[in-house]
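Chain letters run A, B, ... following the sequence lines, proteins first and then strands; every chain starts at 1.
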Number of protein chains: 2
Amino acid sequence: MRLSTTARYSLRALSDLSSRADNDPVSVSDIASRQDIPVTYLEQIFGKLRRGGILASIRGSQGGYILARPANDITVAEILQALGEPVIFGSCQTEKGCENAVTCPTFSLWRKVKGSVDEILRTTTLADIVGEKISLMTPAKTPDPEREEARRKATESKGE
Amino acid sequence: MRLSTTARYSLRALSDLSSRADNDPVSVSDIASRQDIPVTYLEQIFGKLRRGGILASIRGSQGGYILARPANDITVAEILQALGEPVIFGSCQTEKGCENAVTCPTFSLWRKVKGSVDEILRTTTLADIVGEKISLMTPAKTPDPEREEARRKATESKGE
DNA sequence: GTTAATGTTGAGAAATTTTGTCGGATATGT
DNA sequence: ACATATCCGACAAAATTTCTCAACATTAAC
């Protein structure tokens, strides 16, 4: 029973993103190189997160991703759901439904475990993880002249 | 995040075994055919469980497996450990140790989740799963003349 | 308008893990 | 001796996860 690297990548990338979220879009390649995650793989992941309502994207030059909502409003459970990473313990019930559900003696055990995990994932937000108690973070993008400078430096030093 | 079929097979097989535990050894092929688990695969699994101190084996004709200890003394956590199925959420810490442990913002989340799951697995015994509140079940094997009869019937009807 | 930076998508290759098989060795009750 | 079992290691098959690639769409900056 282990968490997929997809899920781990995602949380690290989202932590990275939200820790430098001053409303400027951050590019996938920036995050990927900082977090040492394959760029193209992270692109896929961010696509899922966007479709799942976790991220919003800004296409084109100087574009990138921003959080779709304030970090304290995004729970870990939502992130995993957006990734299509269901938290399943029994193959029973949640997946495709198991005909043995009634007789299967392990059913209630897995339900109990799942309930416990879900509880934690539902009550932990991205802000909790980053450790910042961000109270207000406007998701609107305010065109900011500083970003260009900062981005340029990061890009040069990484050479990507 | 899902439980392996190995773990599920194991719990079903152990439930089966302990629900008919009248101290007679039960053969792998009996359990496998009742539970619809590949015989040779279950052999492997039972080997692990034996080496992990969950099962005891009786070799030779009319042999089989019995619980090494009373069912109410075997926890699910022990079973998973015997199978070499660690309950890991972060790739961090438990697996091979991750150098980022200090900086990694997700560390405490996964530790919390793992702690919660472990708690449940540690406090749930095989007896709980089977639903029988077995208070006393002598692990010693008492050679019982009935077993042969019962086994013969079961084997014939399955035809394995 | 051209260009460069960036997101978007789908197909599929590569790697890893899980699941399952096989052949034979060893042990033991009858 | 024989039939029934466990035991063991290596391997085969399948599934899943991880990662790459190629082509395309969109936008900012020049």
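- The listed nucleotides are C:dT9, D:dA28, C:dG20; the one nearest the side chain of A:Q62 is D:dA28.
- If you measure from atom CD of B:E85 to atom C1' of C:dT18, you get 9 Å, rounded to the nearest angstrom.
- Comparing atom distances between the B:S27 side chain and each of C:dG20, C:dT9, D:dA5 picks out D:dA5 as nearest.
- Closest to the side chain of A:P38, out of D:dT18, C:dT8, D:dT20, is D:dT20.
- Atom P of nucleotide D:dC7 and atom CD1 of B:I45 are separated by 14 Å, given to the nearest angstrom.
- Comparing atom distances between the A:Y9 side chain and each of C:dT8, D:dC19, D:dT6 picks out D:dC19 as nearest.
- In the interface, the side chain of B:Q44 is paired with the base of D:dA10 through a donor and an acceptor atom under 3.5 Å apart.
- Nucleotide C:dT6 holds its P atom 13 Å from the OH atom of A:Y65, rounded to whole Å.
- Here B:S57 reaches the OP1 or OP2 of D:dC7: one of its side-chain N or O atoms lies under 4.0 Å away.
- For B:Q81, the CD atom counts as loosely surrounded, since its 6.0 Å shell holds 12 or fewer non-hydrogen atoms of other residues, nucleotides or ligands.
- Heavy atoms of A:T40 sit under 4.0 angstrom from at least one base atom.
- Not one N or O on the side chain of A:S57 forms a donor-acceptor pair closer than 3.5 Å with the backbone of A:R59.
- Side-chain proximity of A:S61 to the nucleotides C:dT8, D:dC7, D:dA28 is greatest for D:dA28.
- Taking atom CD on B:E43 and atom C1' on D:dC7, their separation rounds to 8 Å, with Å as the unit.
- For the pair B:R2 and D:dT16, the criterion of a side-chain N or O lying under 4.0 Å from OP1 or OP2 is not met.
- Following rounding to the nearest Å, A:L42 (CG) and C:dT8 (C1') show an atom-to-atom distance of 14 Å.
- B:F46 comes within 4.0 angstrom of nothing in the nucleic acid, heavy atoms only.
- Comment: A:D16 engages A:R20 in a salt bridge, judged by a side-chain N to carboxylate O separation of less than 4.0 angstrom.
- Each of B:I54, B:L67, B:D73, B:T75 was evaluated against B:L126; a single residue qualifies, B:L67, per the side chain to side chain contact (heavy atoms under 4.5 Å, CB included) test.
- Minimum atom distance to the side chain of B:R59 is reached by C:dA27, of the listed C:dA27, C:dT8, C:dT21.
- The shortest distance between the side-chain N/O atoms of A:Y41 and the OP1/OP2 oxygens of C:dA14 is not below 4.0 Å.
- A:G47 comes within 4.0 angstrom of no nucleic acid atom, judged by non-hydrogen atoms across all strands.
- Protein atom NZ of A:K48 is 11 Å distant from nucleotide atom C1' of D:dT18, rounded to whole Å.
- Look at A:R50 and you won't find any side-chain N or O under 4.0 angstrom from OP1 or OP2 of C:dT6.
- Not one N or O on the side chain of B:T5 forms a donor-acceptor pair closer than 3.5 Å with the backbone of B:R8.
- Separating the CG atom of A:L49 from the P atom of C:dG7 is a distance of 13 Å, rounded to the nearest angstrom.
- OP1 or OP2 of C:dT19 lies within a sub-4.0 Å distance of a side-chain N or O belonging to B:T6.
- The shortest distance between side-chain heavy atoms of B:L14 and B:L55 falls below 4.5 Å.
- When the P atom of C:dT19 is taken as reference, atom CD1 of B:I37 falls 12 Å away, rounded to whole Å.
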